[in-house]
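What follows is a single structure, written as structure tokens, with notes after it.
Just the heavy atoms: all of them, side chains too, but no hydrogens, waters or symmetry mates, feed the values below. The model shown is predicted, which means the values in this text are computed figures rather than measured ones.
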Amino acid sequence: MNRLRLWLLATGGAGLAALLVAACLGLPSFGGRRHPYGDRAVHASLGRHTANTVASVNFDQRAYDTLGEMSILFAAVLGCVVLLRQARDERRAPPEPAEVARPVRRYALLVLPVALVTGLYVVAHGQLSPGGGFQGGVVAATAVHLLYLGADYRALERVRPLGVHETADAVAVCAYLVLGLAGILAGTAFLANTLLPYGTFNTLSSGGTVPLLNAAIGMEVASAVVVLLAHFLDQAVEIEEAGPT
């Protein structure tokens, strides 16, 4: 039986290797100025008034794949929330404020609003310039945690209501799905970019549904990162094993 399994594995691996080699041999030459897939992606992006071709690929041409990536992040955060929840033999201890060096405090509190605005800017301009919901969401979520470095954990908890971020994470995922279903109700296809006018090229209102899907991803990523870091920080700062009573 073991020998049969090895033969099946070897046969399947050889077939997969042959297919990969055949696919690589069919690729365009490396370093060329033109690429058939790139040309088609750029043409579709310009045709739908989306200046950032990468955003057009993520939220228009391959928006269904982006839904899968978002679902993976959502499931990963949900799994961490379940695994890191407070157990019966654990208790919460109020975190004691730690002494923060004055240069660190000054730098963190100075950079925090700049980083937060930068993250929101990257999300808002995702259809126009490099960046988008994934990148901007991470920047915005990281900016909030500079308060932990510049002040203390209690200050971070006051500006980071966990329930609000958990709700925002779920609402963002639902918004992405609703936009996809709206395409079906309109008589086209799931996540098809046909609901809204494409607008004026290179403006915030251009790209049809691309800005809306990009904003939903930015909201989901930012909320998911905040929730994820909150539970890890709780384990490191607040949650302790209950001692003998």
Taking all non-hydrogen atoms of both residues into account, name the closest pair between [X] and [Y] and its distance.
X    : Y    : value
V122 : G131 : CG1-CA, 3.8 Å
A51  : N202 : CB-OD1, 3.7 Å
A216 : A172 : O-CB, 3.4 Å
A222 : A141 : O-CB, 3.6 Å

Does the side chain of [X] reach to within under 4.5 Å of the side chain of [Y], using non-hydrogen atoms?
X    : Y    : answer
Y176 : M70  : yes
V221 : L73  : yes
L46  : F201 : yes
L84  : D234 : no
T209 : D60  : no

R160: partners by salt bridge (charged side-chain N to carboxylate O under 4.0 Å, His left out), with sequence neighbours left out = none

Applying salt bridge (charged side-chain N to carboxylate O under 4.0 Å, His left out), name anything that partners R40, two or more places apart in sequence or on another chain.
-> none

Connected via hydrophobic side-chain network under 4.5 Å: [X] and [Y]:
X    : Y    : result
L67  : I184 : yes
V54  : V123 : no
L212 : L181 : yes
L128 : L213 : no
M219 : V225 : no

Looking only at atom types and distance, does a side-chain atom of [X] sit under 3.5 Å from a main-chain N or O of [Y], one as donor and one as acceptor?
X    : Y    : answer
H165 : V226 : no
Q127 : N52  : no
Y198 : N193 : yes
H125 : Y121 : yes
S206 : T203 : yes

I need the [X] [atom1] to [Y] [atom2] distance, nearest 0.5 Å.
X    : Y    : atom1 : atom2 : result
L147 : L109 : CG    : CG    : 6.5 Å
H145 : L112 : NE2   : CG    : 10.5 Å
C174 : L179 : SG    : CG    : 11.5 Å
E69  : R62  : CD    : CZ    : 6.5 Å
E157 : L233 : CD    : CG    : 9.0 Å
R158 : L156 : CZ    : CG    : 10.0 Å

Tell me, which pairs form a salt bridge (Lys or Arg N to Asp or Glu O under 4.0 Å) where one or both residues lie in residues 102-128, sequence neighbours left out?
-> none

Would you say Y64 has more than 12 foreign heavy atoms packed within less than 6.0 Å of its OH?
-> no

Counting only heavy atoms not in F190, do more than 12 fall under 6.0 Å of its CZ?
-> yes

Using the side-chain contact (heavy atoms from CB on, under 4.5 Å) rule, take V227 and E166 through it: C-alpha gap first, then chi angles, then the decisive distance, then the call.
-> CA-CA 7 Å; V227 172; E166 290 174 344; 3.8 Å; yes

Plane angle bin for F59 and F134 - parallel if under 30°, tilted between 30 and 60°, otherwise perpendicular | parallel

Would you check, one step at a time, whether the test side-chain contact (heavy atoms from CB on, under 4.5 Å) holds for V171 with T167?
-> CA-CA 6 Å; V171 168; T167 303; 4.1 Å; yes

Does any donor atom in the side chain of Q61 or S56 lie under 3.5 Å from an acceptor atom in the other side chain?
-> yes

Consider only side-chain N and O atoms of S45 and T50, and report whether a donor and an acceptor are under 3.5 Å apart.
-> no

Evaluate side-chain contact (heavy atoms from CB on, under 4.5 Å) for H231 paired with V77, printing each intermediate quantity in order.
-> CA-CA 10 Å; H231 284 81; V77 173; over 6 Å; no

Among I217, T53, T66, N214, find the one that has a side chain to side chain contact (heavy atoms under 4.5 Å, CB included) with N58.
-> T66

Check against side-chain contact (heavy atoms from CB on, under 4.5 Å), L146 and L116 | CA-CA 10 Å; L146 290 175; L116 183 59; over 6 Å; no

